[in-house]
Structures are given as C-alpha cells and as structure tokens.
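See below for the structure under consideration.
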Amino acid sequence: MSWADGVFWLLAAVALLTGWRVFRTDSMVRASFLLLASFIAVGAMMLMLGAAYLGFATIFMMAVEMMVMALFMVMFMMNPAGLNPMVMVHQHGLAIVAGLVTFAGLSAFALSLDLPDRPLPGGAEVIAPLGRELLGPSMLVFESAGVTLLATMLCVVILSSRSGRFGPSDLGSVPPAVDPAIEEDP
Amino acid sequence: MTALIALALILLLSGGLMLLLAQVEVGPMPGSEPQKVPFLGGSEPATHAWQRFHLRYYPMTLLFIAFEMEMMFMYPWAVVYAEIGAKALAEMGMFLLILSIGIFYGWREGIFRWQ
Amino acid sequence: MMGPLTALPLTLCVLFAGMILVGVLDALAWRLLGRVPIDDDDRLTLGGLRAVIRRQSISTERPDLAAWRLAPALYFGLAAAGLALVPVAVAVGRAPVDVEAGIVVWGAVEALTVIAVFLHGWSSNALLPLMGAYRFVAIGLSIMLVSMFVLIGAALPAGSLRLTAIVESQRELWNLVRQPLGLPLFLLLGLAITLRGPLDYADAPDLAGGTSAEDNAQLRLAWQLARAAMLVAFAAMAATVFLGGPLGPVLPGPVWLALKAGLVAAVLVVLGHLLARPDASRMMTFIWVVLLPLSFLDLAIAGLEALR
Amino acid sequence: MAVSEAIPRGHRQVRYFAAIGEDALAWVEGLARDAGLRRVPTPRAASLLLIAGRLPERSWPALRRVHDQMPHPRAVLHWGEGAQPVPDAVALAPAATPAVAMRALQGDLDRGARGSSPDLLPNEPPAPWLGKGPHGQGGEGMMGGTPYGRPMTMRGDELRDGLRLDAHAVTLGPFAPMLPPGLALDLRLQGDVIQRVEVMQPPFRDAMVEAPFAAAIDRPMSAAGLERARAVHHLRCLGRFCALRGAAAPAARAYASAYRATIGGRVDLGSLRRWLWLSGLRPGIAPGLGTLSAAQRGCLSGPALRAAGVPDDLRTRLEPYTGVGFAPIARQAGDVRARIDQWLAEAAQALDLAARLEGLPPTTFAEGLEGPAGALGAPAGGDRGDRPALDLDALLRGLEWGQAVSVLASFSPDALRRMLGAAG
Amino acid sequence: MTLQAIGVVAAGLIGLGVYGTLSQQSIVMLMMGLELIINGVLLATVGFWSLTTGGLPEGQLLAIVAMAVMAVEMAIGFALVVAVFRRREVDMTDRLGSMKH
C-alpha cells in the first residue's frame, strides 16, 4: 500500500463523496461546484495514471462547464440558493435501487476482467503520439468531431435565442401562409 | 510526478494560508442585525438578493461550451505541428473554418449581445 | 526538477515580494496619473495590515459564509499555482513546477479564477455583488478563449506545451516579435483576471465596488491581496511566454525574469488606471467579433512563421 | 499638478463614506485632493461617516441604515449646517476643512479614546423567523415564508427575451455612490436589465453650482468669473462620468483642471482631450444610448438641450457676450456621447471666453442669464414652469445596469433634479 | 491503483450518476446526473488506456471524444431547457408529459 495508492484512494473517496453530496445539498451553486470538485478529483486520478494532458484538460474543461452549469441551475431552479430545504426528488426508491444495481453490476464486471497488464512506461511521452494520431490515422474522428461541434453550435443558437425564423420562437414562429387569404390555425 | 505533488501542495497550502487570514475572527462583535443589512445606498432590501438571476448571455455560454471543445483538440495539434508541418496547418485550418461558421452564424443571430 | 520542498517556499517568497511591489506600483500610478484615489484597495503595507487588525468583521443577513471565505483563498491559491509554473532560471532550465502541459495548467488557472470571482460575488447574498459576479463571468469566459489561442500560438515553434521549452524556443527571437498580436491580446486577459481597468466588470465603481461591496476587514484585505498576487502570477507568465522569461545577455536569469515581469505589471497598472470600461454587452460583442478573429490571425502568423 | 499635502507621519489613511446632502457635492469632491483621505464606495470599507451639507428629513432613515452598516469602531462627522441626523456626530462648520477633524477622529478611534458610535436602529431581524416554519428557518415549502428574515423574489414579466424569470424589486437609496446624491430609484430588475423605474426621491438641491450665477442677477459680477465657474461645473461633471466608467486617470485630470480653473490658474484642456481620447471612453459607449424621445426633449435645458440639436443659449442675446462674438455650440445626436462632448467643448469655450472677458467691468444680468444647467431667471426664455417632467421610466426601461448609470451620469445632478420636476 | 480498483471507482461514479438522473425532478439537476455518468466513463477510459494498452493513442482520443459527448450533451440540454422554459415556463420533468405546445 504505497503512498501512491493512498493518494489514489483519497482522490476516489473525494470524487465519490462530492458526487453524492451533489444531490444532497440545497444550494444549486454548491451542487455545481461540488460536481466540479468531483471532476477535479477524477482529473487528478488521470494525472496519476500518466495522462499528463488529459488530466489538466479535464480540470479546465469541467471548470468551464460547471460554471455554465451553475449559471443555468440558478436561472431555472426554484429556491436556487437553498434558503428553504430543497425537496425535488421523485421515485426515490427506484432511483436508489437502480443506482445500486448499476454499481454492483459494473463493479462485478470490472472485478472479473482479466485484460493484459501493459501499464504505461513511467514518464512516457503522451501528448505527441496523441497529436500524431489526431492528424494521422484518426483524422476522420478529428474532422467529424468538428462538424458535430458545428451542428451543436447551430442547434444551440436556434433553440436558445428568441428570434425564430419567422418572428419570436415562443409565439410559434409560424411561417407565413403561401396564400395570405388562408388563415393558418396556430 | 513530484511536479504534480509540488503543484498540489502549493495550491492547497497558499489557499489554506489565505483561508486562515480570511476567517480569523477579530473585532468586538460578529455584527448586529442592522449591521448585516446589505448595502443598497441606504434603502431597505425588500427580498433576498439570491434569485433566479436572468443572465442575458446564455446563448453565448452554450456556444462557448461547444467552441471550448476545439481547444481540447488544438493542444495536441500544437505539439506535433512543427513536426508535421503544412499538412497540420491545412487540417487545423479546416477545423477552425468549420467552427468559425458556427460563430459567424451566432453573430448573425445576435447572440453576442445582451438578449 | 525542483522538489516540492524547494518549490513551495520559493514560490511563496516570490509571490509576497511581488505583492509588495504591486502595492508600490499602484501607489505610484495613483500619484503619477492623478491625485484622486477613486477606488480603494488595501495593499500589503503596514498601514493596510494595521487597519485590519482592530476592525470588526460583519457578514450579511444570510450569506454562503464557506464560499465567501473560499473565494479569496481559491483566488490566492490559483495565483500561487500560476506563478509556480514559471521557469525561473534558464541555465538550469527548471521551474518550481515543471509539468509537461504548462499552458493547459494556466488555462485551468484562468477558468478557476472566473469561478473564484463568481463565488465571491454570489456568496454575500447582496444585489450589487451579484450583478458584478454575473457581469464578470460573461467577459471572463469570452476573453479566456482569446488568451488560449494566443498561448497555443506561442507553443507552436516550441513543439511542446512545456513552459521551459517555450522559453528555449525564444532563445534567438522572442515571441513578442515572432507574433506581434500575441502580447496585446494576452494583456487584455491580464486586465480581466486581475480585475483592473477596462475589463474590471466584477469590482466596478458603477456597482459601488461590485463583488467587494459587502467585504470588510479580513475578507476585504484577503481579496485585494489575492488580486495583487494574481497580477504577479500573470506578469511572470506573460514575461515567460512572450518576453523570453529568464533569457537575457548579461544579467542572470531570475533578474531578467523579475525585470520583464515588473515591466508587464507596470503596463497593466497604467492601463488599469487609464482605460475606460465599455458597456458589458458591447465588450462581449467586441471580444467575440473583433478579438477572436484577431487571435485566429495571430495563430495563423505563428503557424506560418513556425513552418519556416 | 493639484496642490495637496502628503500624509502626515504617524497617520494612516482615513477611509470615509460620504453621505452627500444638499449643496455639498463640490465640497466632497474637493476633499479628494488630500492624499490622507480616501473616499470608499461602501460603508463596509469605511471607519468614518462624513455627512456633508444639509440632509432633508426624508433621507434620515436611509442615513441611519448606512450608519449602522459600518463596522466598529466607527465615528460620524457632520460637516455643514442643519439639524443633526445622528445624535453623537461631531459637528463641523461648513467653512472649516474636515481633513484635520477626520484625522483627529480616526486617531481617537485607533487609540480607543473615543467609543464607537452605537447602532441607531433596533437590533431585530427584518421579519421574525428564528424557529418558525418546519425547519426553523422561517420559510414554508420551497419558495414561501420569510427564510432568514426576508421573502424570496418571485417571477414577473420580461421585456426583452421572453424568459419570465425573477423580477427583483429593489430600491437604490439616496446615498448610492453611483447615482446623483439624493436620487432614490425603485427598480424592477430582471437580471441586470431594468424593467421598470420609479423615482422615490429626486436628487438633492445643489445651490452651490448656480450660486455665482444667481448672485449675478441682483448685483454686479465679473463675466469672466461666471464663465470660469461654468467651466469648473462642466469639468467636474466630466470627471464624475469618467470615474464611473473606471477611467481613473482622465477623471483625475478633469478634477485637477477644474481645481486649477477655480484658483484662476492656466488650464490646458488639450491634454485632457488627449487623455479622454486615449482612455477609449467614447467608443465604449453605445451610440444612441440615452437619447430622449421627441416628446421628452422639451424638458431638457442648458448643455443637454444644446447637445440634442437646439442651439438655445441666453448668452447669444446678452451684452458682454455678443461683444466678444459668442456663438453657441450644438450637436445633433442628443445621446450620452453628445452630452459628454458638449461638456468638454463648452468647458473649453467658457475658459476661452473667460480669457477674453477678463478686462470688462462687473455687470449685473437683471433680466436673467445662462446658468451651467440652463437659463436662470429669464423672462425672455419663457418661464421654466411649463417644461414637461422627465419620464425616467421611458428613458431607462430595457437598459442594462451599466448603461442606465451612464445615462444618469450624463446629466448634471442639478439639471436632473430640475428635469424630474422637483420643486425647491 | 490496479485496474480493478479504477473499475470499481468508475462503477461507483456511474451508479451515483444513474441514481441522480432517475431521482431528480428538475431537468437541470437530471443533467448533473448525466455529467456524473460520463465522469465515470472518462475515468474508466483513461484507466484502461493507461493500464492495459500501454499508452495507445486511440485510448486518449476516446477520452477526448467522451468529453466532446459531454460538452455536446450539456449544450443541447441547456438549449432545450431554455426553449421549453420560454414556451411553457416549467422545467420539471413531471409536467412535461406531452410534446404538443
């Protein structure tokens, strides 16, 4: 049980505990930043596993996403700051059972694994091969990710801004009838 | 690995130092009720300030998350760029072009303003 | 590779020295540029500390006290982590913390700084800080993108994300010359994360001090010290990435780094006192429509130049 | 550079929060030249409360709240005449300079020689909540009750983007540092965009601004002195605007030029113009911001009216000015940018006029003259009573907070008071 | 720090995510659960990459694609919440039974 294992289990405990607290706190801002703490713990674990780039990339990407998450949760949730206790739960029993079954099933699967044991050589270069992979054989993944992100951007703009193609989207943005005489029923 | 430990130590210890300074209770009393009223230029606040705050740049933040993914792809590209050369520039140019279409469309739809 | 035992004291000492320098710079700028101390800030001076000792610390009616105290601590910790990345000496080529993806760590520091400022504004449950916090997130997130494109542009010739490699790649030509748009765009980020001048949407005078409107005594001093620390960290990072860090003909490495960082900090303080703050929505449009394409152009310049 | 004393040895900076009453804005801004006094934007950062000028009765409750929001040890200094809003305040005659008294007060506080001024309001929570409600925090269900003493904001209508989220009702008080002194606004906000504005209290009267001009109606005054006073007023307004927009150096330059103009020294507005251009103040303001509708334009007067395209200036018809060939400056846009340019241009013109009118003997303007914020006592210009009152709600509705503060700061406080139709 | 240990921790995160997704009424909190699930997936991906493939670059690419999935899911999710809230002023899953406006 070297100190590396000790740190790993500490980070695992942090990740799981903050993950659980996310659904237990009343304040939405605390919930978002607890989830960020869970992601940072996972990022640190990735760093310990040798993924020098992915660890910090996870931390910085999740910091941004949890900031946006906090903004939206406060914008839409009732009682956003948890001044009154937050009771926003339904089908609680089912959820607990599903969670436990998922955990049990996946961990049983993980324990029964006997994959080849080829650990990453210590101090190996990891970012350059990823770069070559990205620009070489997996270039299709790279460009299709770009197109997917473009599709996401367009979809986000269309869905979230009020200006629909034919007038405000919440008034239905109904296209004008070809023959103005025919009254379009809303 | 030791660099990571050093970074973590620096972050935690300096943060802890400031946390200690920030919460040392000094001064006669923790604050009477009229002292704790938030400052609004002398007016009485009607409600709590915490609210479902209607931020006006939400489309920008959503587009930002999608655009942020591009950074994730650009860092490894930057490392091998000098090695691969013009082909890498062309690929990243196309990638950037694709995502700039998204930003141009967002700008045309007016999401970079207060909604 | 410096062990944690030497890295930690070195970083903290450089940080405190830098903060005292920032206090002097602010006082100098205030005296040089005009007599009117419009905004108040506690400085790491005896007067500032003495003022805090006997002050009463009051909170608001129902704040998120843990988050309120966490914000300056997180802000100061991020400044220290940012400073620790900076390579101090060329000869030994070592930084207190020499990680393979130095720029990505700085990106994480920027992102978490935006969160620290938002937490500082949110947690006091008062309207003026809340508006300051929300306004800052819009500008902080937008300007962060521009800074990352510029940093990637600096990493291209070095062929690595490691800061020591970036310093090495500037041995014959500084990045300031190689990509002229780089430093000006990066300075704008500096103004944003140290809450100064035109990009100070969090602690602005039109919100009576914004996120610091409800701060008093220790919290106020802690926030201003963290702000000064972030200026030191940013100045060191800008000097490293664009001005060749410890590289320099005669003087030893650390002296060059200190001089260049001091220059960048002075420029930021002057810009902070000089430039006016546009409306938030106008600035957000300006960043996305003008500065982002400029950073693309800067990246293209760096890319073409690295091909040569 | 403006003359000011360095901080005397042994004294640290005195941090004070200024509650500015009637006729006192110019005094408080004059204090800024003293390096030992620092005006802070919130009472939280202050150890002294400086009450400047006379406070009308209606603003005393607000002053008590501001006084109680200061951390201990604290003290109060009432600089001016009029009744004492705070019982154990140190009174100071209007003529005296407060710097010495403030340093003495601060010294007593530090040494403990003076007790901290006690709370003026009772020590109870805004609404009784402790122990009430199922969980003892005074709330019911998710949004009900008064958790921790205050109710929660409820949803309301939305002007701009159709998301009906929380409509936050808030009043920003007479002593808000970013508003003209005395102005209290009742705002309905969605986020930081204003849905509805209602003026609770108009700005306090500031007779200091028009004192020399009002005096010129009944006894002879030197025209050059009047023009210098006009320049000082415009430069101060410009300095206030720059400070609110975060351009500290140009603001300091403007105040320094105003100070040199008061003591009759040579003022170089060219350098101020360069500072303002360098600071990017103008491009930061949205064009067309704060333009009044045609119907509303009737309530404008003085530089604001001339910035809105109406070159109406009494000086074109008065004797000493026609002699030196005075021509009014007018702009068309009538927005915040035009009003700022108008201030700067008219300040330069006033200083130039002052130089030209230097030699003339003092004259009386029995039939009225052009004050800094509009015509004074002028029968020819039509009496001022019939001007429509400014509808602030129409002007500020739909603006984000920063823009609304800039629009309010683009009028001089006294002009704004007159436009809001406040008597007295 | 064996593969089994990482597997169990990742399973724990995914279990927590499933619990969160199923138990929360508000759409935004439901998305927090989804984020937690992808967090677990991310950890498992990097674990397998580091301990079994000996540093094969495709492993890291799969982790980046997982992050891209998380970003896309979050962006589209919030855009939907905004559109629905603008139209129906509700963000609770229970009261969004029908798709008809």
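Proteins come first, then strands; the chains are lettered A, B, ... in the order of their sequence lines, and each starts at number 1.
When heavy atoms are compared at a cutoff of 4.5 Å, E/I6 approaches chain A by way of both its backbone and its side chain. Proximity to chain E (any heavy atom under 4.5 Å) is shown, for A/A104, by neither the backbone nor the side chain. Of the two parts of A/S112, neither the backbone nor the side chain holds a non-hydrogen atom closer than 4.5 Å to a non-hydrogen atom of chain E. For E/A10, no part lies under 4.5 angstrom from a heavy atom of chain A. Contact of A/A145 with chain E is not made at all, since no heavy-atom distance falls under 4.5 Å. Contact of A/M61 with chain E is made through the side chain alone, with heavy-atom distances under 4.5 Å. For a residue to count as touching a neighbouring chain, one of its non-hydrogen atoms must lie under 4.5 Å from one of that chain's; by this rule E/V65 touches chain A with the side chain only. Proximity to chain A involves both the backbone and the side chain of E/L61, based on heavy atoms less than 4.5 angstrom apart. Both the backbone and the side chain of E/M1 have a heavy atom closer than 4.5 Å to some heavy atom of chain A. Both the backbone and the side chain of A/M48 come within less than 4.5 Å of a heavy atom in chain E. With a 4.5 Å cut-off on non-hydrogen atoms, A/V156 touches chain E through its backbone and its side chain both. Contacts between A/M45 and chain E at a heavy-atom distance below 4.5 Å involve the side chain alone, from C-beta outward. Both the backbone and the side chain of E/A75 come within contact range of chain A, each with at least one heavy atom under 4.5 Å from a heavy atom of that chain. Heavy atoms closer than 4.5 Å to chain E are found in the side chain of A/L149, but not in its backbone. Proximity to chain A (any heavy atom under 4.5 Å) is shown, for E/A44, by neither the backbone nor the side chain. Looking at E/L56, neither its backbone nor its side chain comes within 4.5 Å of chain A, counting heavy atoms on both sides. For A/L35, the part lying near chain E is the side chain, with the backbone staying farther off; criterion is any non-hydrogen pair under 4.5 Å. Proximity to chain E is limited to the side chain of A/L134, based on heavy atoms less than 4.5 angstrom apart.
A distance-only check finds a donor-acceptor pair linking the side chain of A/H90 to the backbone of E/Q24 [under 3.5 Å]. Judged purely by atom type and a 3.5 angstrom limit, E/R86 uses its side chain to pair as donor or acceptor with the backbone of A/S160.
Rounded to the nearest 0.5 angstrom, A/M66 CE and E/M32 CE are separated by 7.0 Å. Between E/F85 atom CZ and A/M75 atom CE the span is 8.0 Å, to the nearest 0.5 Å. The CG atom of A/L49 sits 9.5 Å away from atom CG of E/L3, with the distance rounded to the nearest 0.5 Å. With rounding to the nearest 0.5 angstrom, the CG atom of E/N39 is 8.5 Å from the OG1 atom of A/T58. Note that the CE atom of A/M86 and the CE atom of E/M29 stand 7.5 Å from one another [nearest 0.5 Å]. One finds the CG atom of A/L130 at 10.0 Å from the CD atom of E/E58 (value rounded to the nearest 0.5 Å).
Of all the listed residues (E/G77, E/G20, E/G55), the one sharing the greatest number of non-hydrogen pairs under 4.5 Å with chain A is E/G20. For the set E/V72, E/T53, E/V82, E/T52, the count of heavy-atom pairs under 4.5 angstrom toward chain A peaks at E/T52. Ranked by heavy-atom pairs under 4.5 Å with chain A, the first of E/G54, E/A68, E/A63 is E/G54. When each of A/Q91, A/M78, A/E65 is checked for heavy-atom pairs under 4.5 Å with chain E, A/E65 comes out on top. Ranked by non-hydrogen atom pairs under 4.5 Å with chain E, the options A/L113, A/D117, A/V126, A/V22 are led by A/V126. Looking only at heavy-atom pairs under 4.5 Å with chain E, the residue among A/Y53, A/F8, A/W20 that has the most is A/F8.
Between E/A11 and A/S107, the closest heavy-atom pair is CB-N, 3.7 Å. In plain terms, the two heavy atoms of A/S38 and E/L36 that are nearest each other are OG-CD1, 4.1 Å. Nearest heavy atoms, E/P57 versus A/E133: CB-CB, 3.5 Å. Looking at every heavy atom in both residues, E/I14 comes nearest to A/L106 through CG2-CD1, 3.7 Å. Closest non-hydrogen pair, E/S26 versus A/M77, comes out as OG-SD, 3.0 Å. Closest heavy-atom contact between A/A15 and E/L13: O-CD2, 4.1 Å.
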Would you check, one step at a time, whether the test side-chain contact (heavy atoms from CB on, under 4.5 Å) holds for E/M67 with A/L54?
CA-CA 10 Å; E/M67 260 187 252; A/L54 275 179; 3.9 Å; yes
Working note: A/F76 + E/I27, criterion side-chain contact (heavy atoms from CB on, under 4.5 Å); need CA distance, chi angles, decisive distance, verdict.
CA-CA 9 Å; A/F76 290 115; E/I27 302 174; over 6 Å; no
After noting the C-alpha distance and the side-chain angles of A/F39 and E/M70, does the key distance pass the side-chain contact (heavy atoms from CB on, under 4.5 Å) rule?
CA-CA 12 Å; A/F39 273 112; E/M70 188 188 292; 3.8 Å; yes
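You'll find the side chain of A/F103 stays beyond 4.5 Å of the side chain of E/V18, heavy atoms only. Side-chain contact between E/F48 and A/L115 is present, with heavy atoms from C-beta onward closer than 4.5 Å. A/M46 is listed as a side-chain neighbour of E/L42, based on a closest heavy-atom distance under 4.5 Å.
Ring geometry for E/Y19 against A/F23 counts as perpendicular: the plane angle is over 60°, on a 0 to 90° scale with 30° as the lower cut.
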